[in-house]
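Along the sequence shown, the residues carry numbers beginning at 1. Both backbone and side-chain heavy atoms feed into the values below; hydrogens, waters and symmetry mates do not.
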Amino acid sequence: MSLPRCNSYYNATINQETDFDQLQGEVDVDVVIIGGGFTGVATAVELSEQGYKVAIVEANKIGWGATGRNGGQVTGSLSGDGAITKQLRNQIGTEAEDFVWNLRWRGHDIIKNRVAKYGIDCDLKFGHLHTAYKFAHMGEMQKTFDEGVNRGMGDELILLSKADIPQYLDTPLYHGGLLNKRNMHLHSVNLCIGEARAAVGNGAQIFEHSTVLDIIEGDRPVVKTAKGQITANSVVLAGNAYHKLARKKLSGLLFPASLGNCATVKLDSALAKQLNPHDVAVYDSRFVLDYYRMTADHRLMFGGGTNYSGRDSKDVAAELRPALERTFPQLKGVEIEFDWTGMAGIVVNRIPQLGKVSPNVFYCQGYSGHGVATSHIMGEIMAAAVVGQHKEFDLFANMKQIRLPVGEWLGNQGMAIGMLYYRMMENFR
């Protein structure tokens with residue numbers, strides 16, 4: 001049974017709701033993609049632009065899962081960058097650093113170009129501020145700034161001192177920060193729906209309310225739902241933390257973590273500008289961080305407090321309010337109109353997981369909370385792989401992943417204990 005959309009700001013402000021049919025009967029395509037979030041839709045756009053027959057099957061609605069529940073920030077903070085670089089050195093040697101650096105920004109270009117090409121209205125804006133929660137964190141900001149300047153981003157980066165922060169944020173919290181003009185923020189659901197409609201315009205088929213019950217592997221695998229089936233040359237599993245398919249291959253690799261978000265009532269435009277004069281998206285420098293931005297209609301969207309137990313928080317608004325009011329004391333007691341949670345797919349070593357369940361059944365998952373940009377990069381890589389261009393896919397598929405030989409519940413408790421350790425170590429960082 002399909003589920004309704006959650007109580008998010010995104011879902012309350014959808015430009016045009018989707019109404020794709022449920023899968024019924026038999027369909028034959030080149031590629032069937034399971035999951036209608038950013039990874040699945042981005043892969044479908046890439047393939048449909050090249051003329052391939054593509055179908056997406058989504059259990060609920062397009063953008064229903066983590067795609068429609070995030071903070072809407074598109075940044076170059078690639079999850080697991082250190083681990084990726086280290087493992088890539090064994091495959092491509094000294095090119096590893098350049099590959100990872102370019103990977104950071106590749107999703108930005110894909111999204112920016114796609115929004116322009118298809119005229120997608122998703123409140124796309126530029127500007128992001130990575131704030132130093134402690135003065136000691138400024139050393140990391142300086143290092144990132146220096147690398148960016150050395151790689152030609154000098155015109156897009158500004159290193160801010162504590163005295164500079166009031167020009168960008170009306171908050172007492174931070175000791176400085178790094179302003180990045182290449183990073184972006186946007187309305188996630190409107191972007192995903194816009195991309196889905198672009199894929200349909202290119203000939204793709206989309207089926208909502210169509211939970212996949214089974215995948216019959218073979219020369220041409222068959223994806224089965226309650227009322228229909230799709231036969232294809234290749235299958236792509238793109239459900240991330242929201243699907244339970246191919247457990248024999250995928251169990252112990254990825255664990256769900258609940259991310260909480262909320263949005264206030266509409267603020268007076270003058271107050272919104274006072275709080276965030278340059279309309280930048282923000283996250284801070286802690287291991288378990290807060291992140292926030294202004295929406296197009298002057299609400300403060302605020303997220304943080306990741307729950308690694310695998311359970312949703314009982315009262316997201318109540319849990320986030322202290323951090324929100326600590327950040328902006330001017331908003332003490334402000335009404336929170338929307339609050340929601342979403343399950344991110346967390347990987348132990350934070351390296352995105354790409355691979356095959358069988359010769360023509362692929363999977364892509366595990367962005368560890370950095371999925372908006374990364375999912376679009378992986379969509380490009382997966383689209384190439386299913387049509388026989390495996391170079392970049394193989395780089396990720398050949399990386400060593402950590403599989404916990406326990407069930408999901410125990411794995412999540414281990415994750416929670418590990419993050420508790422990191423929170424404690426924050427005091428010495």
Does one side chain, of [X] or [Y], offer a donor that lies under 3.5 Å from an acceptor on the other?
X	Y	result
H370	S79	no
E140	S285	no
N70	Y291	no
N183	H108	yes

Side chain proximity check, [X] to [Y], heavy atoms < 4.5 angstrom:
X	Y	value
H185	D279	yes
L259	R69	no
N7	F338	yes
I84	M399	yes
N60	Y242	no
L331	L267	yes

Does [X] pair with [Y] as a salt bridge, N-O distance under 4.0 Å?
X	Y	result
D297	R299	yes
K181	D155	no
E392	R106	yes

Write down the atom of [X], the atom of [Y], and the distance for their closest heavy-atom approach.
X	Y	result
V29	A55	CG1-CB, 4.0 Å
I351	Q401	O-NE2, 3.2 Å
R104	D81	NH2-OD2, 2.5 Å
G218	N360	O-ND2, 3.0 Å
I111	A373	CD1-CA, 4.4 Å
L186	R293	O-NH2, 2.7 Å

(request) Describe, in one word, how the ring planes of F302 and Y292 are oriented to each other, choosing from parallel (under 30°), tilted (30 to 60°) and perpendicular (over 60°). (result)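 Geometry flag for Y292 against F302: parallel rings.
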
(request) Fit a plane to each ring of F99 and F396, take the angle between them on a 0 to 90° scale, and name the class: parallel (under 30°), tilted (30 to 60°) or perpendicular (over 60°). (result)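 Answer is tilted, since the angle falls between 30° and 60°.
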
(request) Take V27 and F207, measure what side-chain contact (heavy atoms from CB on, under 4.5 Å) needs, and give me the verdict at the end. (result) CA-CA 11 Å; V27 175; F207 302 98; 4.0 Å; yes

(request) Can you sort out the partners of H376 under side chain to side chain donor-acceptor pair (under 3.5 Å), two or more places apart, ordered by chain and number? (result) E195

(request) Check salt bridge (charged side-chain N to carboxylate O under 4.0 Å, His left out) between K112 and all other residues, then give those that pass, not counting sequence neighbours. (result) D109

